[in-house]
Amino acid sequence: MTARSAVAAAAWSLPTYLLLGYLLRVPAILFADGYDFLDQQFQYVDPAWHLATGGAWHQPWEWIDGLRSHVYPGLLAGIFRGLGWFGLEEPMWQLRAVRAVHAAISLLPLGLFWLVVVRWRPQARTRMPLLLFAGSGLLVANGVQPSGPALGATLAVAAALAVHGPRWFPLLGGLCLGLAFCCRFQEALFGPALLAVLVGQRRRGAAAWFAVGCVPGILLQGLLDLHLHGAFLATVWNYVDGNLIDGAAAKWRQQPWWFYLVAGVLPVLALVPPWFGAAWRRCVAGARILPGAAAAALLHLALHSCIGRKAIRFEHGALALLVAVLAVGLAAVATDDRWARWHRRALFAVHGGWFLYASFWFGNAGAVNAALALRGDAGLAAELLIVDGDATAIGGFFYLRPPADRTVSVARAELRERLQRSPPAPGGLVVAVREPLAAGEVHGLERLEPVGSFAGMFDLRRGDRRYVYRWR
């Protein structure tokens with residue numbers, strides 16, 4: 001028996017591994033409702049629902065100024081239309097079906113990772129690396145949650161793994177990265193590192209195929225922008241101009257250059273004392289086996305560390321590639337001393353905890369449940385008055401489904417004057433954010449009938465509390 005056949009015999013078969021990967025995503029499909037960040041709902045799900053049905057949505061300024069691609073919302077709209085053909089209309093179950101489709105797409109990087117450790121760079125011990133990569137909460141969140149950045153990260157990971165394969169696999173990698181670029185423009189930054197590694201390995205044919213593979217995605221985005229905005233790649237240049245030149249990104253909280261290192265790389269790799277040495281050896285070994293993945297992740301992290309606006313979700317693709325590198329290193333480094341065992345336990349604790357979060361956390365539950373409670377309410381035909389919030393405080397028009405966007409924002413300090421000057425129509429709705437309305441704040445409090453109060457999961461954030469009233 002050859003070494004490769006011995007590895008294949010010890011590993012799960014590819015169908016078994018993909019089935020395991022999908023089963024690990026089933027809890028997130030069923031229970032990870034809501035959204036973790038506002039853009040997921042208001043920049044992707046709501047526009048997709050509007051494209052699919054023509055339903056009302058609150059149009060963010062990025063869409064008005066032409067900074068957002070229609071590619072991912074168009075794909076999601078197609079899924080919504082397909083679900084409509086089957087008569088699935090309830091919002092929560094629609095999104096569970098959407099997550100099931102995304103989970104199937106997320107099996108692509110899992111299959112490529114299996115090829116890496118079983119076929120292309122066969123390792124003696126494969127089950128633990130395979131399990132870590134399939135079950136990491138980071139990979140589950142990327143693979144299941146519907147948003148452009150999440151799908152872009154999944155496709156970028158697939159691209160970086162594919163370039164390590166023979167024959168036509170670099171072409172597949174280019175195709176994946178081109179589509180990732182359409183989902184989130186920053187994913188294009190993985191490309192130079194992958195191309196440089198292929199050239200450095202003297203795989204010039206693979207480099208050429210990879211470059212050719214990127215072209216269809218670029219053309220798709222460019223021609224769609226030409227049709228919708230009148231210029232090739234208009235949304236890309238608008239995005240760069242709006243965020244970097246005009247400084248739109250600067251209005252958000254800024255982070256120091258080391259943010260991604262401390263908040264992302266070190267915990268994801270468990271690269272901390274007292275098992276730092278064992279962790280580092282595994283990272284180095286994995287980088288030798290997956291140099292393209294390591295280089296792409298480090299370049300992406302380095303470039304984004306130079307930008308003040310930072311969030312861990314911006315680097316999910318790069319961090320997932322580091323998980324792949326470390327997982328291969330787990331198999332490649334044979335030593336298993338005390339600190340190596342503790343590092344392995346720390347890794348599974350970190351990624352297991354992330355798995356529980358990605359699988360069972362209901363993001364922004366207060367806002368979403370408030371929207372679901374008001375869905376179809378006759379009061380939505382009039383103004384929806386939101387106190388200390390804006391249209392994004394009501395959980396998403398996908399859940400609310402009003403006849404039109406009639407949300408009106410008012411500061412709590414100005415509410416009394418607003419109700420005196422222009423009271424809501426009878427049956428109109430008022431939503432208060434964070435705190436319920438008090439008698440001193442409202443003119444004619446007796447005319448406000450409480451409809452319900454809604455809080456986030458375990459009521460951990462005041463910002464996720466919603467108090468709904470009806471004007472009588």
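The structure presented is a predicted model; accordingly, all values stated were derived computationally and were not measured. Computation of the quantities below employed the complete heavy-atom set of this structure, encompassing side-chain atoms and omitting hydrogens, waters and symmetry-equivalent molecules.
Contact check for F169 versus L112: side-chain heavy atoms found under the 4.5 Å cut-off. Within the 4.5 Å cutoff, the side chain of L172 has no heavy atoms near those of the W209 side chain. Residues P109 and T154 form a side-chain contact, since some pair of their non-hydrogen atoms from C-beta on lies under 4.5 Å apart. A heavy-atom distance below 4.5 Å is not found between the side chains of L319 and Y260. Side-chain atoms of P170 and R203, non-hydrogen and from C-beta on, do get closer than 4.5 Å to each other. Using a 4.5 Å heavy-atom threshold, the side chains of F232 and L219 count as touching. Counting heavy atoms from C-beta on, the side chains of L161 and F133 come closer than 4.5 Å. Inter-residue side-chain proximity for L224 and V71 is flagged as met; some heavy-atom pair is nearer than 4.5 Å.
A donor-acceptor contact under 3.5 angstrom links the side chains of R282 and H343, judged on distance only. Q145 and D36 are not linked by any side-chain donor-acceptor pair at a separation below 3.5 angstrom, with hydrogens and angles left out of the test. Side chain to side chain, Q254 and R309 fail the donor-acceptor criterion of an N or O pair below 3.5 Å.
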Carefully, step by step, assess V140 and W354 under the rule side chain to side chain contact (heavy atoms under 4.5 Å, CB included). CA-CA 9 Å; V140 171; W354 204 334; over 6 Å; no

Side chain to side chain contact (heavy atoms under 4.5 Å, CB included) between L24 and F355: does it pass, once the steps are laid out? CA-CA 9 Å; L24 287 170; F355 172 82; 4.3 Å; yes

E315 and H304: CA distance, side-chain angles, deciding distance, side-chain hydrogen bond (donor to acceptor under 3.5 Å, both in side chains) verdict: CA-CA 8 Å; E315 291 301 317; H304 282 84; 3.3 Å; yes

Could you check L132 against F348 for side chain to side chain contact (heavy atoms under 4.5 Å, CB included), going step by step and ending with a plain yes or no? CA-CA 7 Å; L132 175 63; F348 277 87; 4.1 Å; yes

Using the rule given for side chain to side chain contact (heavy atoms under 4.5 Å, CB included), can you reason through R375 versus L400, listing the C-alpha separation, both sets of side-chain angles and the distance that settles it, and then say yes or no? CA-CA 5 Å; R375 181 165 61 100; L400 188 64; 5.7 Å; no

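Using bins of under 30°, 30° to 60° and over 60° for the plane-to-plane angle, the ring pair Y35/F42 lands in the perpendicular bin. Relative orientation of the Y17 and W12 rings is parallel, given thresholds of 30° and 60° on the angle between their planes. Aromatic ring pairs are classed by plane angle as parallel below 30°, tilted from 30° to 60° and perpendicular above 60°; the pair F185 and F181 is tilted.
Scanning both residues, V325 and A293, for their nearest heavy atoms gives CG2-CB, 4.0 Å. When all heavy atoms of P27 and F360 are compared, the closest pair comes out as CB-CZ, 3.8 Å. Among all heavy-atom pairs drawn from D405 and A56, the shortest one is N-CB, 4.0 Å. For the pair L151 and C183, the tightest heavy-atom approach, listed with the atom from each and the gap, is CD2-SG, 3.9 Å. The minimum heavy-atom distance linking V199 with A207 is given by the pair CG2-CB, 4.1 Å. Scanning both residues, W57 and P60, for their nearest heavy atoms gives CZ3-CD, 3.7 Å.
Taking CD1 of I386 as the start and CG of D390 as the end, the distance is 7.0 Å to the nearest 0.5 Å. Rounded to the nearest 0.5 Å, atoms CG (L356) and NE2 (H351) are 13.0 Å apart. To the nearest 0.5 Å, the span separating SG on C283 from CG on L269 amounts to 4.5 Å. Residue L271 holds its CG atom at 10.0 Å from CG of L322, rounded to the nearest 0.5 Å. Going from atom CD of Q41 over to atom CG of D46 covers 4.5 Å, rounded to the nearest 0.5 Å. To the nearest 0.5 Å, atom CG of residue L330 and atom CG of residue L347 are 6.0 Å apart.
Taking a 6.0 Å sphere around CH2 of W361, one finds it holds more than 12 heavy atoms contributed by other residues, nucleotides or ligands. A 6.0 Å sphere centred on CZ of R288 holds no more than 12 heavy atoms belonging to other residues, nucleotides or ligands. No more than 12 heavy atoms of other residues, nucleotides or ligands shown are found within 6.0 angstrom of CH2 on W85.
Of the residues listed (I289, V328, L290), the one engaging R121 in a side-chain contact (heavy atoms from CB on, under 4.5 Å) is I289, and it is the only one. Results of the side-chain contact (heavy atoms from CB on, under 4.5 Å) test with V45 over Y399, F80, F397 single out F80 as the only residue that passes.
The closest donor-acceptor contact from the side chain of D464 to the backbone of A367 lies under 3.5 Å. Without hydrogens or angle criteria, D241 side chain to W237 main chain gives no donor-acceptor distance under 3.5 Å. Between the R466 side chain and the A393 main chain, a donor and an acceptor come within less than 3.5 Å of each other. With hydrogens and angles disregarded, a donor-acceptor distance shorter than 3.5 Å links the side chain of N238 to the backbone of G66. The backbone N or O of T126 lies less than 3.5 Å from no partner atom in the side chain of Q123, so there is not a single donor-acceptor pair. Panel note: side chain Y44, backbone L76; no donor-acceptor pair is recorded below 3.5 Å. Using a distance-only test at 3.5 Å, with no hydrogens or angles considered, a donor-acceptor pair links the side chain of R125 to the main chain of V333.
Pairs passing the side-chain hydrogen bond (donor to acceptor under 3.5 Å, both in side chains) check and including a residue from residues 214-234, sequence neighbours excluded, read S69-Q221, Q221-D225, Q221-T235, D225-T235.
Both tests pass for R313 against the ring of F37: distance under 6.0 Å to the centre and angle within 45° of the axis.
Checked against the 6.0 Å centroid threshold, W275 and W280 do not count as a close aromatic pair. Proximity of the aromatic rings of H50 and W63 is defined here by a centroid distance below 6.0 angstrom, and this criterion is not met.
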Check residues 94-108 and write down every donor-acceptor pair under 3.5 Å in which the side-chain atom is one partner and the other belongs to a residue at least two apart or another chain.
| from | atom 1 | to | atom 2 | distance (Å) |
| --- | --- | --- | --- | --- |
| Q94 | OE1 | R401 | NH2 | 2.6 |
| Q94 | NE2 | L88 | O | 2.8 |
| R96 | NE | L30 | O | 3.1 |
| R96 | NE | D33 | OD1 | 3.4 |
| R96 | NH2 | D33 | OD2 | 2.8 |
| R99 | NE | A28 | O | 3.1 |
| R99 | NE | I29 | O | 3.2 |
| R99 | NH1 | A32 | O | 3.3 |
| R99 | NH2 | I29 | O | 2.7 |
| R99 | NH2 | D33 | OD1 | 2.8 |
| H102 | ND1 | V98 | O | 2.9 |
| H102 | NE2 | Y72 | OH | 2.8 |
| S106 | OG | R25 | NE | 3.0 |
| S106 | OG | A103 | O | 2.6 |

